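What follows is a single structure, written as structure tokens, with notes after it.
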Amino acid sequence: MSSQITITLPDGSERQLDEGATVGDLAASIGARLAKAAVIGSVNGVERDLVWPLADGDVVSIITETDDRGLYTIRHSTAHVLAQAVLDLFPGATFAIGPPVENGFYYDFELPDRGTFTPDDLERIDTRMREIIKEQQPFIRDEIAEAVALELFRDHKYKCEIIRGAAEDPMSATETGLVRTYENPPRFIDLCRGPHVPDTGRLGHFKLMRVAGAYWRGDEKNPMLQRIYGTAWASKKELEAYLTRLEEAEKRDHRKLGVELDLFSFPEEIGSGLAVFHPKGGIIRRIMEDYSRTRHEQAGYEFVYSPHITKSNLFEKSGHLDWYADGMYPPMELDGGTEYYLKPMNCPFHILIFGSGQRSYRELPLRLFEFGTVYRYEKSGVVQGLTRARGFAQDDAHIFCTREQAPAELARALDFVLDLLRDYGLDDFYVELSTKPETKAVGTDEEWEEAIEVLRTVALDKGMQLVMDEGGGAFYGPKISVQARDAIGRTWQMSTIQLDFQLPQRFDLSYVGADNERHRPVMIHRALFGSVERFFAVLLEHYAGAFPAWLAPVQVRVLPVRGDHDQFARDLVDRLRAAGFRSDMVVADEPLGGRIRKAKMEKLPYVLVVGDDDVANDTVGVNPRGGDVERDVAVDAFIARLGADVAAHA
RNA sequence: GCCCGGAUAGCUCAGUCGGCCAGAGCACCUGUCUUGUAAACAGGGGGUCGAGGGUUCGAAUCCCUCUUCGGGCUCCA
């Protein structure tokens, strides 16, 4: 009789297994279903392959395909299969790194003679991957000496860089002269720390998505590799659900809806990244802005205006020309050599307003607000619809206050921002705190630390989930940004609040305190929409074009059943307009069904149908978006209902 | 900026190997129809095939440059 070992499970219970039993054996001893779902195990807190032999006293949990780490492993293993397929099919190809990522994985390759993958290649690679999966090749872990590894991977220069420690690879483990590898016999071996699924047969619910260029080690000075992205899931059902989700996201893409709903466009004649808003988009935008103005006014902000261009010395003084000249449109030279720049931001203008006279502590906090249009020369490859444009309006405010007032002002600003975002229909948030950039930063570490502490405290006081973004701050100060999740779960960076000790210093701002001495104010930069255009795009995608009644360009469409109901319909439109609603009608020159359909495709909140009964009784047939038809609704009752919708921002 | 893939009517798209006056659906215009809740019928107009250059007897189609869009990389004050 062989000797036994004792294993402790996560619930504290113990199990006896034969000596030499593996993680997989443990799963099988617990149940057939667990064994089937098992991907890897966690042994004493370290993730291990299912073939890992257990030792007496180990604490083990089985990680299944429904676990995040299990899915991560499936994606990681699928990346290896991708690499094997590519090396099989493309003689002379070499491979770099291939980690799991959100929803899938990628692998970077370099083809001989700067070759590239075509869409047809992806199909061939997919086919080869499925053959490899069918072969059920085991994943075999090994540790070899560095010198042996360098010999084994001598044809793969990127792998050699990783082995020598010259390049980071999050997926490999190279320490003290030993290199860990995983082999899929008979042909493929890769540097890898693992763990992996037991064999390639465990995989299969994947799809290769696209080819992209990517710089080696993420540095644009390095050669560009060919990256293949794929998605991988534990089951066919999950894969299909993911692909459906992508389709859904594509359907609500703001660039597509902008054309379909006639909201805005990017005429080629104007240039890349520069939008024009059409009348319907203009209505939505105007209402967004009007509401924002009203709320800012109530919150104690004062409205200012500033020009679009300025002499270069303003941005020299602010430091922007030192750090971000590349991101600015080149200057116009006027007046015998004076250079004027389009403004990439509004802060210096607001600072000049603050500095235009002697300020007393009694005036603080001074909150200056402007819808300021700025122009940034975004690199040609990064421009994207309304979310990354070259010209856009910021709902920009700068709060000048004393150091002592800053925490309360920050808290107040965050409150305001969250409250307002909720009014626009976003209510699922978390907060990101960005700290001092490695390069490109002004100010001492102490000042940064102080500012970061204040922001951290404010966010935690609000009970917000806080995510750190190390090194992500602006050059003049740390930043807190509100991330909002939209209707289909995507997160968008929305509002930012930044504390700034630097600019007041650079512009030598001061106020006279109660002690009759001059003091330096601090400055808070904050934008709620960030960019009006971008926020417009987020709302458009969030609502999939079906804007709530308060924002909808047309709130009510009236459809007369026959020509002889036209007059009643016209009068009804007038009554609705008089009540303050945006309403129109379509005369009865095509059948009702067709007109209903068109209104539905325009995603209008309400369609009203009026026929004989309605003319006789002053009623309407109400066809609400997403609801059932209601007949014989009194006109007054409908007006009250629409009014309530608008007031509730529903 | 870099890699890959696109650009044909207002929109979505077809157009074979380089070969007749470049097509469809929707939209638009005109007429007929007078309609009770997601597509009435008929007719019509509309294109310098993104721009410029080249190859060719002949280019939407092949080559080059540019503009612009999409997916990534890098970037995002």
Side-chain angles (χ1 to χ4, degrees), chain A residues 106 108 114 116-119 121-122 209-229 250 253 255-256 259-260 262 265-273 315 318-328 344-347 374 376-385 387-389 394 434 437 440-442 472-477 479 493 496 498 500 503 525 527 530-531 534 559-566 587-601 607-614 620-624 628-632:
Chain A
Y106 68 79
D108 287 345
R114 298 176 56 89
T116 57
F117 294 111
T118 66
D121 290 336
L122 280 194
M209 303 300 284
R210 60 179 63 96
V211 188
Y215 299 108
W216 168 233
R217 294 165 62 189
D219 187 332
E220 60 183 330
K221 292 181 196 72
N222 285 335
M224 179 156 281
L225 306 177
Q226 294 291 307
R227 176 172 298 179
I228 296 176
Y229 278 95
E250 202 176 317
D253 186 310
R255 293 164 299 195
K256 187 175 155 75
V259 175
E260 285 172 9
D262 194 19
S265 60
F266 289 91
E268 201 177 315
E269 294 85 340
I270 300 179
S272 179
F315 288 120
S318 70
H320 292 109
L321 270 175
D322 289 345
W323 302 115
Y324 291 104
D326 287 350
M328 293 168 66
M345 49 181 19
N346 305 298
C347 339
V374 297
R376 298 179 183 180
Y377 190 73
E378 300 288 1
K379 285 197 277 182
S380 60
V382 310
V383 171
Q384 205 226 20
T387 54
R388 192 85 180 269
Q394 293 182 305
S434 305
K440 283 197 178 185
V442 292
F475 72 91
Y476 51 75
K479 170 174 90 175
Q493 179 180 314
T496 59
Q498 290 171 274
D500 181 358
L503 285 178
H525 306 244
S531 130
R534 192 181 126 86
L559 300 178
V561 174
R562 273 194 323 270
D564 50 333
H565 306 126
D566 280 2
V587 296
D589 61 2
E590 72 172 304
L592 184 60
R595 287 178 287 150
I596 296 265
R597 180 168 183 274
K598 279 172 191 155
K600 292 290 177 189
M601 291 198 303
V607 178
L608 302 183
V609 173
V610 293
D612 290 334
D613 300 347
D614 303 297
V620 292
V622 179
N623 187 334
D628 296 329
V629 172
E630 303 155 46
R631 290 286 299 269
D632 306 316

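Basis for what follows: all heavy atoms, side chains included, without hydrogens, waters or symmetry-related copies. Just so we're on the same page: letters track the sequence lines, and every chain starts at 1. Keep in mind that this is a model prediction, so the values were computed, not measured.
The phosphate of B:rG71 (OP1 or OP2) has a side-chain N or O of A:R255 nearer than 4.0 angstrom. Listed pair A:R376 / B:rC76 fails the phosphate criterion, with no side-chain N or O lying under 4.0 Å from OP1 or OP2. An OP1 or OP2 oxygen of B:rG1 is reached within less than 4.0 angstrom by a side-chain nitrogen or oxygen of A:S380. Regarding contacts with the backbone of B:rC69, a side-chain N or O of A:S272 is found under 4.0 angstrom from either OP1 or OP2. Look at A:Q384 and you'll find a side-chain N or O under 4.0 angstrom from OP1 or OP2 of B:rG71.
Nearest to the side chain of A:K479, among B:rC4, B:rU35, B:rA77, sits B:rA77. For A:V609, whose side chain is taken as the heavy atoms from C-beta onward, the closest listed nucleotide among B:rC73, B:rU37, B:rU34 is B:rU37. Side-chain proximity of A:M601 to B:rA38, B:rU37, B:rA40: nearest is B:rA38. Checking B:rA77, B:rU74, B:rC3 against every side-chain atom of A:M224, the shortest atom distance belongs to B:rC3.
Shown here are the side-chain hydrogen bond (donor to acceptor under 3.5 Å, both in side chains) partners of A:D500, two or more places apart in sequence or in another chain: A:H525.
Remark: B:rG5 base-pairs with B:rC69. Criterion, Watson-Crick or G-U wobble with two distances under 3.5 Å. Pairing for B:rA22 is absent, judged as Watson-Crick or G-U wobble with the two contacts each under 3.5 Å. Within the shown strands, B:rC64 is the pairing partner of B:rG52 under the Watson-Crick or G-U definition, both distances less than 3.5 Å.
Residue-level contact check: A:G319 touches neither bases nor backbone, having no heavy atom under 4.0 Å from any strand. Using a 4.0 Å heavy-atom cutoff across all strands shown, A:V607 reaches no nucleic acid atom at all. Residue A:Y229 is in sugar-phosphate contact alone, with no base atom involved, counting any heavy-atom pair closer than 4.0 Å across all strands shown. Within the 4.0 angstrom heavy-atom criterion, base atoms lie near A:D589. Across all strands shown, A:G594 has heavy atoms under 4.0 Å from sugar-phosphate atoms exclusively, and none from any base. Residue contacts shown for A:R227 are limited to sugar-phosphate atoms, with no base heavy atom under 4.0 Å away. A:G477 comes within 4.0 angstrom of no nucleic acid atom, judged by non-hydrogen atoms across all strands. Using a 4.0 Å heavy-atom cutoff across all strands shown, A:G530 reaches no nucleic acid atom at all. Using a 4.0 Å heavy-atom cutoff across all strands shown, A:G327 reaches at least one base atom of the nucleic acid. Residue contacts for A:D614: at a heavy-atom cut-off of 4.0 Å it reaches a base atom on one of the strands shown. Heavy atoms of A:A212 sit under 4.0 angstrom from at least one base atom. A:R388 comes within 4.0 angstrom of a nucleotide base, judged by non-hydrogen atoms across all strands. Among the protein residues, A:D326 comes within range of no part of the nucleic acid, since none of its heavy atoms lies under 4.0 Å from any strand.
Taking atom C1' in both B:rG44 and B:rG54, the straight-line distance is 40 Å, to the nearest Å. When the P atom is compared between B:rU55 and B:rA9, the two are found 28 Å apart, to the nearest whole Å. B:rC66 and B:rU48: their P atoms are spaced 25 Å apart (whole Å). Taking the P atom of each, B:rC3 and B:rG46 are spaced 43 Å apart, rounded to whole Å. Nucleotides B:rG47 and B:rU65 place their C1' atoms 25 Å apart, quoted to the nearest Å. Rounded to a whole angstrom, the distance from the P atom of B:rU12 to that of B:rU74 is 30 Å. Taking atom C1' in both B:rC21 and B:rA39, one finds a spacing of 33 Å when rounded to whole Å. Nucleotides B:rA24 and B:rG58 place their C1' atoms 27 Å apart, quoted to the nearest Å.
The separation between A:E220 atom CD and B:rG72 atom C1' is 14 Å, rounded to whole Å. Counting to the nearest Å, the C1' atom of B:rU67 and the CZ atom of A:F266 are 16 Å from each other. Protein atom CD of A:E260 is 13 Å distant from nucleotide atom C1' of B:rA27, rounded to whole Å. A:E269 has its CD atom 15 Å from the P atom of B:rG50, to the nearest Å. Distance, A:L225 CG to B:rC4 C1': 14 Å, rounded to whole Å. To the nearest angstrom, C1' of B:rC76 lies 15 Å from OH of A:Y377. Rounded to whole angstrom, the span from the CE atom of A:M345 across to the C1' atom of B:rA77 amounts to 4 Å. Here the C1' atom of nucleotide B:rG72 and the CG atom of A:D108 are 11 Å apart, to the nearest Å.
Between A:G213 and A:E378, the residue anchored closer to the 5' end of RNA chain B is A:G213, taking for each the nucleotide with the nearest heavy atom. Ranked by how close their nearest RNA chain B nucleotide is to the 5' end, A:K600 and A:P560 are led by A:P560.
From A:L225, atom CG reaches atom CH2 of A:W216 across 7.0 Å, with rounding to the nearest 0.5 Å.
With respect to the salt-bridge test (charged N to carboxylate O, under 4.0 angstrom), the residues A:K379 and A:D326 do not qualify.
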- Task: Apply salt bridge (charged side-chain N to carboxylate O under 4.0 Å, His left out) to A:D219 and A:R217, showing your working.
- Result: CA-CA 6 Å; A:D219 187 332; A:R217 294 165 62 189; over 6 Å; no
- Task: List the steps, then state whether side-chain contact (heavy atoms from CB on, under 4.5 Å) holds for A:V607 with A:I596.
- Result: CA-CA 7 Å; A:V607 178; A:I596 296 265; 4.2 Å; yes
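A:R562 contributes no side-chain N or O that, together with a main-chain N or O of A:A588, makes up a donor-acceptor pair within less than 3.5 Å. In this structure, A:R595 contributes its side chain and A:D589 its backbone to no donor-acceptor pair below 3.5 Å. At least one donor-acceptor pair under 3.5 Å links the side chain of A:R376 to the backbone N or O of A:P344.
In A:D628, the CG atom is not crowded: 12 or fewer heavy atoms of neighbouring residues, nucleotides or ligands sit closer than 6.0 Å.
Remark: the A:Y215 side chain and the B:rG1 base include a donor-acceptor N/O pair separated by less than 3.5 Å.
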